[in-house]
4 protein chains.
Amino acid sequence: MTESVFWSIGQTCQSKGVLPIIDRRKQIIDAAAKSFSMFGYKATTMDGVAKIANVGKGTIYTFFTNKEELFQEIMNRMISEMKRIAEEAIDPGRLFFDNLSVVLEHLLDFQEEHELALKLSQEMREIGTPMALEGLQQMERAVVGYIAGQVTQAIKKGEIKPCEPEMTAFIMLKMYMALAVEWKKTHQPLEKRQVAGYLRFYMEQGLAPV
Amino acid sequence: MTESVFWSIGQTCQSKGVLPIIDRRKQIIDAAAKSFSMFGYKATTMDGVAKIANVGKGTIYTFFTNKEELFQEIMNRMISEMKRIAEEAIDPGRLFFDNLSVVLEHLLDFQEEHELALKLSQEMREIGTPMALEGLQQMERAVVGYIAGQVTQAIKKGEIKPCEPEMTAFIMLKMYMALAVEWKKTHQPLEKRQVAGYLRFYMEQGLAPV
Amino acid sequence: MTESVFWSIGQTCQSKGVLPIIDRRKQIIDAAAKSFSMFGYKATTMDGVAKIANVGKGTIYTFFTNKEELFQEIMNRMISEMKRIAEEAIDPGRLFFDNLSVVLEHLLDFQEEHELALKLSQEMREIGTPMALEGLQQMERAVVGYIAGQVTQAIKKGEIKPCEPEMTAFIMLKMYMALAVEWKKTHQPLEKRQVAGYLRFYMEQGLAPV
Amino acid sequence: MTESVFWSIGQTCQSKGVLPIIDRRKQIIDAAAKSFSMFGYKATTMDGVAKIANVGKGTIYTFFTNKEELFQEIMNRMISEMKRIAEEAIDPGRLFFDNLSVVLEHLLDFQEEHELALKLSQEMREIGTPMALEGLQQMERAVVGYIAGQVTQAIKKGEIKPCEPEMTAFIMLKMYMALAVEWKKTHQPLEKRQVAGYLRFYMEQGLAPV
DNA sequence: GATGAATGAGACTTCATTCAT
DNA sequence: GATGAATGAAGTCTCATTCAT
């Protein structure tokens, strides 16, 4: 006990990070993200989240009004983070497909969380209110819109052939999801490099023989 | 009890003539397909299915042990039909991408039912048992496997450049879903021709400038 | 099975009345009336009602949408019955106070149920929606309005001295409640005759010395 | 323990000067009285009381073991105050009905608090334990007993005709409640004078025509 | 002593499944 | 065999009470 005082001076900050001051809000958000990701919206129970978060059931309700609000929080976090990652990874000096590869590599570092976002965005039926539905779709829109902007610039620079930017961005996102998330449901997971490689293979050159 | 048999003969026939004693099993399957398609697995209630099918709730349980088995039946039917449609549409004399377009056009004629299949295949989280999950995935495997076979042949004939048939088939299916089903969640739906056209645009030629 | 047919002809109706065909709706209404009466609205639980009624919890919801609707049913029944009793008991040929006594005697035969109504009418705070509140007050209004009509006629006939009929009716109802229901909470219950007698004593002659 | 007395003298005064160290107990009691009065027993939450009292929720539990005990305190205070008011208002030299009017006028000055008492005394069902029930009834007993004493003396003096004092007092209290509290639930509220006037009208002379 | 974040028992309600008719 | 009334497990949310700070 006493000796801990000696080195604790420098460690105070760190020790806070270690454990003693448990951040229940974070615990809950992490647990909810995990549960929503694994079981979806309906099949996720507040009891379950509480158990995973290792908190009392009522504790969740001190931070979030109800299940839907908790869900919204998870979604919003995801959108923000995805935007941030994408923005940080883009380098205007690089070629389009190179930028795309870099962004994807970065995104894949957070693959698990994204998997949640992607899965959830497909479960819109489960959430009753149009507002919630709207909230979910906005995530996809945000990402697609961002990629579409990059596509437009790439067309202008002549890096890719003329095409509808919005749909091209949509197709890219879906293909990315397919390779990074859905493929491994039934096959061996792909390395980050492989995902980027395949995406480029299919989208850049096409299947027509040379 | 006994006397009722005497006059019931005439009534039975008559009632059969009037109300062809519609095949209750089919009624239930159709109703379930519609409900699962519209609301998803969890949000579909046995009460609702019974009401749509115009049968008693208990009747469902004379044909299917439980909700999950009913769901499985729907999935199996869908796989079979998709295979049949694909086989009927293929003409070995045609070019690969032409065959692909034809198959897709046919599949799109049943778009609504497929939408169900596609949606449901993404709702696997909702179903607890690994068995059910397995059952769902087998549908995708069946379709992907079929397309992969076509891809292999197309490579041999030199119609498309060498590539991994399995993954190429997987990518094709996902892109098809994206264009035919998911796109319209947030945008104007595409005509059958448009879906085929875009699929070819992105997969055949790629985005690299000429 | 077969022999039952012989005697069942005459007994069918009766046997239904005896027991075998348990009327669950009535069971539930009776149980709810008892529970609401004893514990009030909030403190009455659906679990409790189910237990008293000896039915499953879910059964209640096959007859009533929710707790509030169940409550409304009880209230409506009470209003109807009170009106019916009052109307049956009035004889235009009798003197006012004699009619009052008769009506009260009849009402007292259903004392227990009325106790419920009276108690509940005082628990309006517990029920959230203004509609429910309105529904409760309408019961008192109905009874007071009815008595007020009788009072007006009695004044015209010169049987009682001029007074405001509405308030007089209100006072009479409250005094009746006080004697028949509330008195016994803290004292020996009164006989029907006694209630009628005291009501007449206080309301007819007053306390001024002769 | 002892030393705290020494310095506490100076501190107490000082701290009282700064933030009069408002008497937290009183704050809580006032808040609880208000909430119980407005919402009833069940619908009053400890959170709500704490908020109204402007203290921490836990602070309530340093003064009262639980919700029921807090409730009891409110009731006891009310009984005492009602007794005090009644005793102060009685003048042995006045006639009975005049005394009654004066007492009522005084009581009506505290109408709001009394309303609480009266309402609560009717919500006994809400409180589970027989002890609490007992505690509530004692309030009514106290008031009725007090009036009964006055009635007895009035009979002796020949101011009112012979009658059972206990029941007469009971009827008077109920009629007072009816006029002062319950009438305004469904009608225009009465002035203090009117309440006294009507009470005298009905109880003194009765409805028999002259 | 004061505080309020944390807790979990318990309330209402839904719905898959059973079983008597 | 067909039916749907009946059931109770399970889900969401509230709130009295505790306890570490």
Side-chain angles (χ1 to χ4, degrees), chain A residues 20-25 27-28 42-51 53-70, chain B residues 21 24-25 27-28 42-51 53-70, chain C residues 20-25 27-28 42-51 53-70, chain D residues 4 15 21 24-25 27-28 42-51 53-70:
Chain A
I21 293 195
I22 308 157
D23 183 353
R24 281 173 159 75
R25 196 168 199 276
Q27 276 176 287
I28 291 168
K42 270 242 171 174
T44 285
T45 71
M46 298 302 258
D47 255 327
V49 173
K51 210 146 284 173
N54 209 32
V55 300
K57 199 190 333 184
T59 306
I60 302 176
Y61 288 89
T62 63
F63 294 109
F64 305 95
T65 303
N66 52 31
K67 190 180 172 184
E68 192 167 324
E69 199 175 290
L70 172 59
Chain B
I21 284 255
R24 285 176 151 76
R25 199 167 195 279
Q27 275 176 288
I28 291 168
K42 270 250 171 173
T44 285
T45 69
M46 299 302 259
D47 247 329
V49 172
K51 209 147 283 170
N54 209 32
V55 300
K57 203 189 331 186
T59 308
I60 301 176
Y61 287 89
T62 64
F63 292 110
F64 304 95
T65 304
N66 53 30
K67 191 180 173 184
E68 193 168 322
E69 197 174 292
L70 172 59
Chain C
I21 294 196
I22 307 158
D23 183 354
R24 280 172 160 76
R25 197 169 198 277
Q27 277 176 283
I28 291 168
K42 270 242 174 174
T44 286
T45 70
M46 299 302 259
D47 254 326
V49 172
K51 210 147 285 173
N54 208 30
V55 300
K57 202 187 331 184
T59 306
I60 302 176
Y61 288 89
T62 64
F63 293 108
F64 305 94
T65 303
N66 51 33
K67 190 180 173 183
E68 192 167 325
E69 199 175 290
L70 172 60
Chain D
S4 71
S15 71
I21 282 256
R24 286 176 151 76
R25 199 167 195 278
Q27 276 176 287
I28 292 167
K42 271 251 170 173
T44 285
T45 67
M46 298 301 260
D47 246 329
V49 172
K51 209 147 284 172
N54 209 31
V55 300
K57 201 189 331 185
T59 307
I60 301 177
Y61 287 88
T62 65
F63 292 111
F64 305 95
T65 304
N66 51 31
K67 191 179 172 184
E68 193 168 322
E69 198 176 291
L70 172 59

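Just so it is clear: chains get the letters A, B, ... in the order the sequence lines come, proteins before strands, and each one is counted from 1. Since we're looking at a predicted model, the values are computed, not measured.
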Value for NZ (B/K51) from OG1 (B/T45), rounded to nearest 0.5 Å, stands at 8.0 Å
Could you encode protein contacts along nucleotides 8-14 of chain E as a string, one character per nucleotide from 5' to 3', using B for base contact, S for sugar-phosphate-only contact and - for no contact, with a heavy-atom cut-off of under 4.0 Å? BBBSSBB
Atom-pair distance (CD1 on C/I60; P on E/dC15), nearest Å: 18 Å
Rounded to the Å, how far apart are D/Q27 CD and E/dA2 P? 11 Å
Work out which heavy atom in C/K67 is nearest to a heavy atom in C/K42; give both atom names and the distance. NZ-O, 3.5 Å
What is the distance, to the nearest angstrom, from the NZ atom on A/K51 to the P atom on F/dA10? 12 Å
Rounded to the nearest 0.5 angstrom, the CD1-CE distance for A/I60 and A/M46 is 5.0 Å
Got a second to check how far D/R25's CZ is from D/T62's OG1, nearest 0.5 Å? 9.5 Å
Quick check: closest heavy atoms across A/F63 and A/I28, and the distance to 0.1 Å? CD1-CD1, 3.6 Å
Report the residues that fulfil side-chain contact (heavy atoms from CB on, under 4.5 Å) with D/N54, sequence neighbours left out, ordered by chain and then residue number. D/Q27
In chain order, what residues pass the side-chain hydrogen bond (donor to acceptor under 3.5 Å, both in side chains) check against A/D47, with sequence neighbours excluded? none
Under 4.0 Å between a side-chain N/O of B/T62 and OP1 or OP2 of F/dA2, yes or no? yes
Residues in side-chain hydrogen bond (donor to acceptor under 3.5 Å, both in side chains) with B/T44, at least two apart? B/S35
Do any side-chain nitrogens or oxygens of C/R24 fall under 4.0 Å of OP1 or OP2 in F/dA6? yes
Using whole Å, what does the distance between atom C1' of nucleotide F/dT18 and atom CZ of D/F64 come to? 18 Å
Touch class at under 4.0 angstrom, heavy-atom based, for A/F63 against every strand present: sugar-phosphate
Anything below 3.5 Å on both distances counts as a pair; with that, list the stems of at least three consecutive Watson-Crick or G-U pairs involving DNA chain F. E:2-21 with F:2-21
